[in-house]
There are 2 protein chains.
Amino acid sequence: MNLKQLSEALSLSQTTVSRALNGYPEVSAETRKRVVEMARKIGYAPNSQARKLATGRAMAIGHVIPVSQHEMMNPVFMEFIAGAGEAYSRLGYDMVLKVVPDAQVEGAYRELASLKKADAVIVHGPRIHDTRHEILDTLGVPFLIHGRIPGQEEARSWIDMNNAHAFERATDLLLDLGHRRIALLNGLEDMDFAARRRRGFEKALTNRGLSTDPALMRQADMTEPYGAESALDMLDGANPPTAFLVSSMISALGVARVISQKGLQIGRDVSVITHDDALSFLPNGGDDPIFTCTRSSVRYAGQRAAELLIEQILPNPDVPVHEYLEAELIIGQSTGPCHATA
Amino acid sequence: MNLKQLSEALSLSQTTVSRALNGYPEVSAETRKRVVEMARKIGYAPNSQARKLATGRAMAIGHVIPVSQHEMMNPVFMEFIAGAGEAYSRLGYDMVLKVVPDAQVEGAYRELASLKKADAVIVHGPRIHDTRHEILDTLGVPFLIHGRIPGQEEARSWIDMNNAHAFERATDLLLDLGHRRIALLNGLEDMDFAARRRRGFEKALTNRGLSTDPALMRQADMTEPYGAESALDMLDGANPPTAFLVSSMISALGVARVISQKGLQIGRDVSVITHDDALSFLPNGGDDPIFTCTRSSVRYAGQRAAELLIEQILPNPDVPVHEYLEAELIIGQSTGPCHATA
DNA sequence: TTGAAAGCGATACCAC
DNA sequence: GTGGTATCGCTTTCAA
């Protein structure tokens, strides 16, 4: 069932039928009514390929999700996509998603752009030495970065949370509680967000004249065993930490598991603060969370990203838009004063 | 840069250029070489919308992911999609993904199908009273179910793991270890997979003449707190379980957290078996896993699903294909003999 | 082996 | 307010 058949059934031109269906003002109310009814009656649906070709717009946003060398699929991406997907449905856009190995990310963007499969793309997981903005410029695709590419803060559109500030505040809280040996279990620090978190952590220490201890700082894909193994190593080490600052709830669960297994009580014997992306399958409690945390909903970020891209960037690709999300610092049950003997 | 311009630059017809680029045999080797070189030189890329319109194929597979009323985004979907995405890249297909509230799932499938945005779709998370197969039939879209819709086992294409058998074996293992009070923390039992797991659990008990205890069976979205709260309630209850059978690693972590917090040792004082979907961010160890588990890689399922859909179902939509994945039962550190006083 | 021309199914400009 | 027609960019008969 196509436009032609529909217009024949109505004894109208394709033009008029198209206009009626797409809400153009110059169609008479009566004609529009007839058209709409007939369309529903005979089950007409416009072929989106044809429409895309005619309009030149794909009405789709591209996402390229990298799976790391370690085959790790970051659940944060999923939650971001859920938020974005909700907005796309509302705004009449589709999401075309490519899940590819790190090495094929550029090629995937190229394909999306040069084959006109998407009108714009989201850049996920920017790295400190990222070059995707250059490729996308060459291709002429509007894009929005979830996070920031160093050196491109002004010129590019992005949405990001204040990673450095959040981790500085979290570290300050631990310092205020008397902790001096604080471990940082970070994500991979070639990722921009992780580099920023580390700087926030270091800044808080430096501000109090404290130095960092490399033995207490780790970076890796944020799995549960990463948290567990790191905590085990460190707590069994020569000079164990009294507090952990962890970049992900998932790894924090690993830390908590080990602390419990060692017969220690979290929040009393060892403090833990984690960043909480508010992943829906890992709720951290409401008013009195399990973990003290810096919290910022990545799902909301995804939703806003989609809105900004479609409403601001597409109509005006040359004016970069920036949106800053400030993480909340929420006190839960996993932090308390330091009891360590000095 | 389009076909016309490219053909003019080569002084060839669009026909010949198109044929050369698409590997048709009748083009002379020399012509093809010229065409391919020029195409690369001037950076020609075919407009996929135009191609889709001309061929009538979208070269895309649709996925509709429901987010439940509780806003829960199941990480299993993500991992499945990662597997499928890998296969799509390899096979030259795109994935168009819709993330929508439960109530809009049907509409999303309708849109994908009737607007010709996808050549086929994957049905995620079948329920015991699912009707999506009927809608998709009406629309005439080939599809493959990840899981099974009751009553549609023969007639429809699906890929599934043997949920019932896996949970029966897991329960048998606990029974062999002497456990008699076994708790089942299941997913929502209007989901087909969860209903099957429950039947497997019950069958194992029934086979030994044991009856089920409603106080020890729960169902919910599989979050971490669900595991924790259920374990806390049950262990503090009148007649606590000595073992837990859990439908998800995430909830199992919650169970483990509570067991440790109560000063009990997992595997010695309380046994836990979980189903392990082999989520990449929740590795359960290698040869000696943290949790004894029934394991089946949902990522592999996604990959196979994509392959089956494209290679078997699209060319021959009327011959249903079925693929059964058997979960492994892997002994880890979380199970041991029952020490409960009878 | 190559080319001309007719679709594919919509949109949108220009007349009327 | 309605209609004719060119156009989007490619694939695919049909002829040569």
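All values derive from a computational prediction rather than experimental measurement.
- If you take CG of B:Leu3 and P of D:dT12, they are 12 Å apart, rounded to a whole angstrom.
- In terms of phosphate contacts, B:Tyr24 brings a side-chain nitrogen or oxygen within less than 4.0 Å of OP1 or OP2 of D:dT12.
- When the nucleotides D:dT11, D:dG3, C:dT11 are ranked by their closest atom to the side chain of B:Ser18, D:dT11 comes out on top.
- Here the side chain of B:Ser13 is nearest to one of C:dA10, C:dC14, C:dA4, namely C:dA4.
- In terms of position on DNA chain C, the residue among B:Ser28 and B:Gln14 whose nearest nucleotide sits closer to the 5' end is B:Ser28.
- The base of D:dG4 sits with one of its N or O atoms less than 3.5 Å from a complementary donor or acceptor on the side chain of A:Thr15.
- The side chain of B:Val27 lies closest to C:dT2 when the candidates are D:dG9, C:dT11, C:dT2.
- A salt bridge is absent between A:Asp130 and A:Arg156; no separation between the charged side-chain nitrogens and carboxylate oxygens falls under 4.0 Å.
- A salt bridge links A:Glu86 and A:Arg90; the closest N-O separation between the charged side-chain nitrogens and carboxylate oxygens is under 4.0 Å.
- At a threshold of 4.5 Å between non-hydrogen side-chain atoms, the residues B:Met78 and A:Phe77 count as touching.
- Judged by distance alone, with hydrogens and angles left aside, the side-chain atoms of A:Ser28 form a donor-acceptor pair with the main-chain N or O of A:Thr31 at under 3.5 Å.
- Contact annotation: A:Thr55 side-chain N/O to C:dT11 OP1/OP2 distance is not under 4.0 Å.
- Side-chain to base pairing of A:Arg32 with D:dG1: no donor and acceptor N or O lie closer than 3.5 Å to each other.
- Looking at which nucleotide of DNA chain C each of A:Pro46 and B:Ser11 is closest to, the 5′-most match is held by B:Ser11.
- Side-chain proximity of B:Glu26 to the nucleotides C:dT1, C:dG9, C:dG3 is greatest for C:dT1.
- Out of C:dG3, C:dG9, D:dG3, the shortest distance to the side chain of A:Asn2 is found at C:dG9.
- Among the nucleotides D:dC10, C:dT2, C:dG9, the one closest to the side chain of B:Asn47 is D:dC10.
- Spacing between atom CG of B:Leu115 and atom C1' of C:dG9 amounts to 12 Å, rounded to whole angstrom units.
- B:Thr31 comes within contact range of the sugar-phosphate backbone alone, with a heavy-atom separation under 4.0 Å but no base atom that close.
- No salt bridge links A:Glu30 with A:Lys33; every basic N to acidic carboxylate O contact stays at or beyond 4.0 Å.
- Taking 4.0 angstrom as the limit, A:Tyr44 places a side-chain polar atom (N or O) nearer than this to OP1 or OP2 of C:dA10.
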